[in-house]
Amino acid sequence: EILKGMEAMLTGWGCHVLTAATLEEVIDLIDKQGRTPDGIIADYHLDSGTGIDVIEECRKLCNADLHSIIATADRSRSVQTFAEERNIHILRKPLKPAALRALLSQWRARQIAAE
């Protein structure tokens, strides 16, 4: 249900969204799309590993420093530092749609300026 809700919100903002529940699903989707995603939003705590693990694997697969967001309720300094060291933005749960939209808009503006 969380994936469906996030997908509906992002799609409503004009984003093209692919959702996956596992790293294997993410890899399969990237392979099928045949292109590098513009970014990744992942939950920190997953059934198998962390969202940071997923982001790092996707970056390796795509050979790109993908824009990345971790959504987490974990406020520990260790998680914050771990994400920062990997250039992963953290948004705290409960996720505020306005904060997410602002970050995505900022990234999009930078992308347009770079083109």
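Counting heavy atoms from C-beta on, the side chains of I41 and L10 come closer than 4.5 Å. Between K93 and T72 the shortest side-chain heavy-atom distance does not fall below 4.5 Å. At least one side-chain heavy atom of C58 sits less than 4.5 Å from a side-chain heavy atom of L66. Looking only at side-chain heavy atoms (C-beta outward), M6 and D43 stay at 4.5 Å or farther from each other.
Other residues, nucleotides and ligands contribute only 12 or fewer heavy atoms inside 6.0 Å of the CD atom of E1. Within a 6.0 Å radius of CG in L29, more than 12 heavy atoms belonging to other residues, nucleotides or ligands are found. No more than 12 heavy-atom neighbours from other residues, nucleotides or ligands sit within 6.0 angstrom of CG on N63.
Defined by atom type and a distance below 3.5 Å, a donor-acceptor pair is missing between the side-chain atoms of S68 and R86.
Atom CG of L3 sits about 11.5 Å away from atom CG of L18, to the nearest 0.5 Å. Between the CG atom of L23 and the CG atom of D47 there is a distance of 13.0 Å, given to the nearest 0.5 Å. Rounded to the nearest 0.5 Å, atoms CD1 (I52) and CD1 (I88) are 4.5 Å apart. If you take CD1 on I90 and CZ on R75, they are separated by 10.0 Å, rounding to the nearest 0.5 Å. Rounding to the nearest 0.5 angstrom, the gap separating the CD1 atom in I69 from the CD1 atom in I55 is 8.5 Å. Separation of atoms NZ (K32) and CD (E25) is listed at 9.5 Å; rounding is to 0.5 Å.
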Check residues 96-112 and write down every donor-acceptor pair under 3.5 Å in which the side-chain atom is one partner and the other belongs to a residue at least two apart or another chain.
{"from": "S105", "atom 1": "OG", "to": "R101", "atom 2": "O", "distance (Å)": "2.9"}
{"from": "R108", "atom 1": "NH1", "to": "Q111", "atom 2": "OE1", "distance (Å)": "2.7"}

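Between R77 and E84 there is a salt bridge, since at least one side-chain N of the basic residue sits less than 4.0 Å from a carboxylate O of the acidic one. Using a 4.0 Å cut-off between charged nitrogen and carboxylate oxygen, E57 and K60 count as a salt-bridge pair.
Residues Y44 and L95 are members of separate hydrophobic clusters, defined by side-chain heavy-atom contacts under 4.5 angstrom among Ile, Leu, Val, Met, Phe, Trp and Tyr. Under the 4.5 Å side-chain heavy-atom criterion for ILVMFWY residues, no single connected hydrophobic cluster contains both L46 and L91.
The two residues A20 and V26 have their closest heavy-atom pair at CB-CG2, 3.5 Å. Closest approach of G51 to A42, counting heavy atoms only: CA-CB, 3.9 Å.
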